[in-house]
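Written below as structure tokens is the structure these notes are about.
All ligand and atom numbering here is 1-based and tracks the order in the structure. No hydrogens, no waters, no symmetry mates; every other heavy atom, side chains included, goes into these values.
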Amino acid sequence: MLAPSTPSPRLQRAITRDVSRAIARCELTHLERTPIDVDLARRQHAAYEAALERLGCTLVRLPEEPELPDSVFVEDTALVLDEVAVILRPGAASRQPETASVARALAALRPLVHLDAGTVDGGDVLRLDRTIYVGLSSRSSEAGIDSLSELVAPHGYEVRGVSVRGCLHLKSAVTEIAERLLLFNPEWVDAGTFAGWEALPVAPLEPQAANALRLGEHLLCQARFPRTAAQLATRGLRLEPVDLSELAKAEGALTCCSLLVTARSSGAETLAPFERT
Ligand code: CIR
């Protein structure tokens, strides 16, 4: 059980989607296929959603997509910035139909633009201030990065490609965990890429621990990586362990199961009332 927590300072919505009954047919790149217990995956996913709610998010829950095995991993379909939401083109063809329903949900919250060349998975996108780093992975292409760059440059963002190795996405290798602080796996990405940011390495026995989800002062981390959690605790981070071990068999982690949409202090979107779907 998570301890009661104060909400994140800025209200935000979290778009999520139920685990597909077809998840056994998910894309796999670095893992062997093993049986996935759909009911357990759904229970764990529900606990993840509950943690998001406890920490101040209002959920926008999209209905299950029975024919789209990886559709629970909504992060890969879009990049949400304060100014605009970019509807991406996932690198796996089986995942490209996932974007339509996410675009419909985002249309109420942000102006939309669409990647129109190449491919980019949201899991490859790490925004740090006004720089958007994109992993040069098997899913995200140079053409996609160029297209993204054209779409966000008018809003003052610079896009940079980043080499990654040995993992699915850039955010498998590195995530932002606190103010000017990153968590990373030195085997998969070079921390020197992120000038001006302190980078903590994961525990060597926990290579997949670098994917954590920052929610204001709180950090959702994966319960199955206690060594890394112990290191993070020494930094005074407010950890919220979550168990998504069943979705890990589909190469999913924490950031990939939600799209966070921060309420803007100005603009068309209003803070209340939040709709619940
Ligand atoms: C895939 O290979 O596309 C899915 N099985 C896993 C996607 C995980 N997404 C993410 O980390 N952003």
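- Distances between N or O atoms of Arg95 and those of ligand 1 include at least one value under 3.5 Å.
- Side chains of Ser147 and Asp116: a donor-acceptor N/O pair is present below 3.5 angstrom, by distance only.
- Looking only at protein heavy atoms, the nearest one to atom 9 (N) of ligand 1 is Asp76 OD2, 2.8 Å.
- In this structure, atom 8 (C) of ligand 1 lies nearest to the protein heavy atom Glu251 O, 3.3 Å.
- Note on Arg130 versus Glu158: no salt bridge recorded, every NZ/NE/NH1/NH2 to OD/OE distance being 4.0 Å or above.
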- [ ] Might you work through the side-chain hydrogen bond (donor to acceptor under 3.5 Å, both in side chains) test for Asn211 and Ser172, ending with a clear yes or no?
- [x] CA-CA 5 Å; Asn211 186 274; Ser172 318; 5.9 Å; no

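- Side-chain atoms of Glu251 come within 3.5 Å of backbone atoms of His30 as a donor-acceptor pair (strictly under, hydrogens ignored).
- Ionic pairing of Arg238 and Glu240 is not present here: no N-O contact between side-chain nitrogen and carboxylate oxygen is shorter than 4.0 angstrom.
- Remark: ligand 1 atoms within the under-4.0 Å shell around heavy atoms of Asp70 are 4 (C), 5 (N).
- The protein heavy atom nearest to atom 10 (C) of ligand 1 is Cys256 CB, 3.0 Å.
- Arg95 has no carboxylate O lying under 4.0 Å from a charged side-chain N of Glu27, or vice versa, which leaves the two without a salt bridge.
- Residue contacts with ligand 1 leave out Thr29, since none of its heavy atoms falls under 4.0 Å from the ligand.
- Of all the heavy atoms of Lys171, none lies under 4.0 Å from any atom of ligand 1, so neither backbone nor side chain is involved.
- Ser137 and Asp124 share a side-chain donor-acceptor pair at under 3.5 Å.
- Taking all heavy atoms of Arg25, Arg139, Glu98 into account, the minimum distance to atom 3 (O) of ligand 1 is reached by Arg139.
- In terms of polar-atom proximity, defined here as any N/O pair under 3.5 Å, Ala250 does make such a contact with ligand 1.
- Proximity to Glu75 (heavy-atom distance under 4.0 Å) selects the following atoms of ligand 1: 10 (C), 12 (N).
- Residue contacts with ligand 1 for His169 involve side-chain atoms from C-beta outward but no N, CA, C or O (heavy atoms, distance under 4.0 Å).
- Between the CG atom in Leu200 and the CG atom in Leu182 there is a gap of 8.5 Å [rounded to 0.5 Å].
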